[in-house]
Amino acid sequence: MPQKFSKRPSLIHFPLFQGRRATPSVKGLKQLLEYHGVVLQQETLEQLWAYHQLLREHNKDQDLTRLNAFETIVERHYADCTLINAYVPKWPKRMIDVGSGAGFPGIPLKLVNPEIRLTLCEPRPNRIEFLNLVIRELGLQGIDVFGHKVTSRSLTFPVEGVISRAFEKIELTLPRIQKALVPGGKAYFMKGPAVQEELATLHPEDFGFKLAGKYFYRIPQSTQDRALIVLEKE
Ligand SMILES: C[S@@+](CC[C@H](N)C(=O)[O-])C[C@H]1O[C@@H](n2cnc3c(N)ncnc32)[C@H](O)[C@@H]1O
């Protein structure tokens with residue numbers, strides 16, 4: 001039986017803000033995030049706002065995101081990439097984000113979990129440049145960019161965690177990360193509704209992994225179904 005997507009993640013608050021429209025500003029960002037069930041500290045909000053401004057400023061020449069409206073960017077990028085915290089009690093210390101693009105989920109994940117030592121893996125030169133700019137401008141520590149394709153040969157340093165969103169089928173990513181991920185390490189896959197078909201044919205044991213968790217939910221106050229699939233390296 002396919003899993004049903006639940007309407008609300010369990011650890012989420014629903015604050016008072018009831019509208020979806022908000023002026024692009026730190027305040028508007030806070031209101032929209034809270035509307036989607038994400039409550040952040042003021043300092044984190046300000047960092048996310050600084051990132052948003054860089055994203056807007058460089059989007060035209062660097063082809064970073066196809067989303068345009070502030071509300072949509074907050075819902076599908078920032079809320080999406082921070083809601084996952086509700087399902088992971090403790091993130092691994094040393095992680096990579098495979099296929100980061102403009103920094104999703106890596107940058108929001110790092111902002112809400114500054115203790116993670118994170119490497120953003122992205123081969124496209126304009127995106128590498130943008131990610132390095134974000135790191136510099138926001139003064140982030142414990143984060144760097146691996147500007148190459150992740151393959152079983154290129155990724156040689158050991159990591160305890162891997163995350164990716166909108167990248168490729170899980171069965172294609174597992175061989176890429178098989179060597180780098182330490183035994184007991186976890187791989188987190190952020191997926192949309194098509195995950196059901198993918199899971200039906202996925203055999204993680206063929207790659208030395210076992211299923212450690214699967215969570216199906218909807219971004220609060222949206223039509224966006226999401227899943228977080230967690231695999232553990234045996
Ligand atoms: C569809 S985008 C998703 C970007 C981001 N994760 C998101 O959710 O918005 C996939 C990204 O993976 C990058 N990519 C493609 N092959 C890769 C590989 N072998 N290793 C790392 N990144 C790769 C592409 O350059 C692209 O930026």
Side-chain angles (χ1 to χ4, degrees), residues 36 38 48 51-52 54-85 87-88 91 94-113 116 118-135 143-159 161-181 187-195 198 207 215 217 219 222 224-231:
H36 294 299
V38 176
L48 193 55
Y51 171 53
H52 177 72
L54 290 173
L55 186 71
R56 293 315 300 245
E57 191 184 328
H58 295 272
N59 196 26
K60 268 199 193 130
D61 13 309
Q62 290 182 307
D63 182 27
L64 300 169
T65 177
R66 270 176 287 157
L67 303 183
N68 261 316
F70 180 54
E71 291 83 357
T72 316
I73 293 179
V74 175
E75 176 190 293
R76 300 191 195 167
H77 282 328
Y78 309 144
D80 188 31
C81 295
T82 47
L83 277 167
I84 48 175
N85 249 30
Y87 300 101
V88 183
W91 290 101
R94 179 81 183 83
M95 293 187 70
I96 56 170
D97 173 15
V98 184
S100 284
F104 301 111
I107 297 288
L109 182 74
K110 174 73 181 170
L111 295 184
V112 295
N113 305 281
I116 299 175
L118 184 66
T119 297
L120 306 169
C121 306
E122 172 54 52
R124 283 174 61 172
N126 57 343
R127 296 182 171 180
I128 298 170
E129 196 184 320
F130 176 72
L131 293 171
N132 279 314
L133 175 85
V134 170
I135 292 172
I143 181 169
D144 57 8
V145 181
F146 178 74
H148 310 278
K149 284 194 167 180
V150 171
T151 66
S152 57
R153 286 196 186 174
S154 71
L155 192 69
T156 51
F157 52 90
V159 292
V162 174
I163 192 162
S164 79
R165 182 184 87 154
F167 179 46
E168 62 184 0
K169 282 190 157 186
I170 296 174
E171 66 186 26
L172 298 178
T173 306
L174 293 182
R176 295 183 194 279
I177 59 172
Q178 213 170 16
K179 279 194 201 149
L181 197 61
Y188 303 84
F189 297 93
M190 296 174 65
K191 295 283 178 178
V195 72
E198 212 183 318
F207 306 92
Y215 308 96
Y217 55 96
I219 296 178
S222 84
Q224 301 293 306
D225 285 334
R226 294 287 185 267
L228 180 69
I229 308 301
V230 188
L231 301 181

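First listed ligand is number 1; within each ligand, the first listed atom is number 1. These figures come from a predicted structure and were not determined experimentally. Sequential numbering from 1 along the given sequence is applied to the chain's residues.
- With respect to the salt-bridge test (charged N to carboxylate O, under 4.0 angstrom), the residues Glu122 and Lys149 do not qualify.
- The shortest contact between atom 17 (C) of ligand 1 and any protein heavy atom is with Phe167 CE1, 3.4 Å.
- Judged by distance alone, the side chain of Lys110 and the main-chain N or O of Ile116 form a donor-acceptor pair under 3.5 Å.
- Ligand 1 has a nitrogen or oxygen under 3.5 angstrom from a nitrogen or oxygen of Gly99.
- The closest side-chain donor-acceptor pair between Tyr78 and His52 falls under 3.5 angstrom.
- Not one N or O on the side chain of Asn59 forms a donor-acceptor pair closer than 3.5 Å with the backbone of Leu55.
- Comparing heavy-atom distances from atom 7 (C) of ligand 1 across Arg127, Arg124, Arg165 singles out Arg165 as nearest.
- Asp63 and Asn126 are not linked by any side-chain donor-acceptor pair at a separation below 3.5 angstrom, with hydrogens and angles left out of the test.
- Using a 4.0 Å cut-off to heavy atoms of Ala166, the atoms of ligand 1 that qualify are 1 (C), 2 (S), 3 (C), 8 (O), 10 (C).
- In terms of polar-atom proximity, Phe104 is counted as a contact of ligand 1, with an N or O under 3.5 Å from an N or O of the ligand.
- Counting heavy atoms under 4.0 Å from ligand 1, residue Glu168 does not touch it at all.
- Using a 3.5 Å distance cut-off with no hydrogens or angles, the side chains of His77 and Thr65 do pair a donor with an acceptor.
- If you check each of Asp63, Ile96, Leu67, Val150 against atom 21 (C) of ligand 1, the one with the closest non-hydrogen atom is Val150.
- Summarising the contacts of atom 27 (O) of ligand 1 with Arg66, Lys149, Glu122, Met190, the nearest heavy atom is found in Glu122.
- Listed by atom number, the atoms of ligand 1 under 4.0 Å from Gly101 heavy atoms are 4 (C), 27 (O).
- Ion pair Arg165/Asp97 not flagged as a salt bridge, since none of the NZ, NE, NH1 or NH2 atoms sits closer than 4.0 Å to an Asp/Glu carboxylate oxygen.
- Those atoms of ligand 1 with a heavy atom of Ser100 less than 4.0 angstrom away are 4 (C), 5 (C), 6 (N).
- Heavy atoms of Arg176 come nearer than 4.0 angstrom to ligand 1 in at least one pair.
- For Arg176 (side chain) and Val150 (main-chain N/O), a donor-acceptor pair under 3.5 Å exists by modelled atom type.
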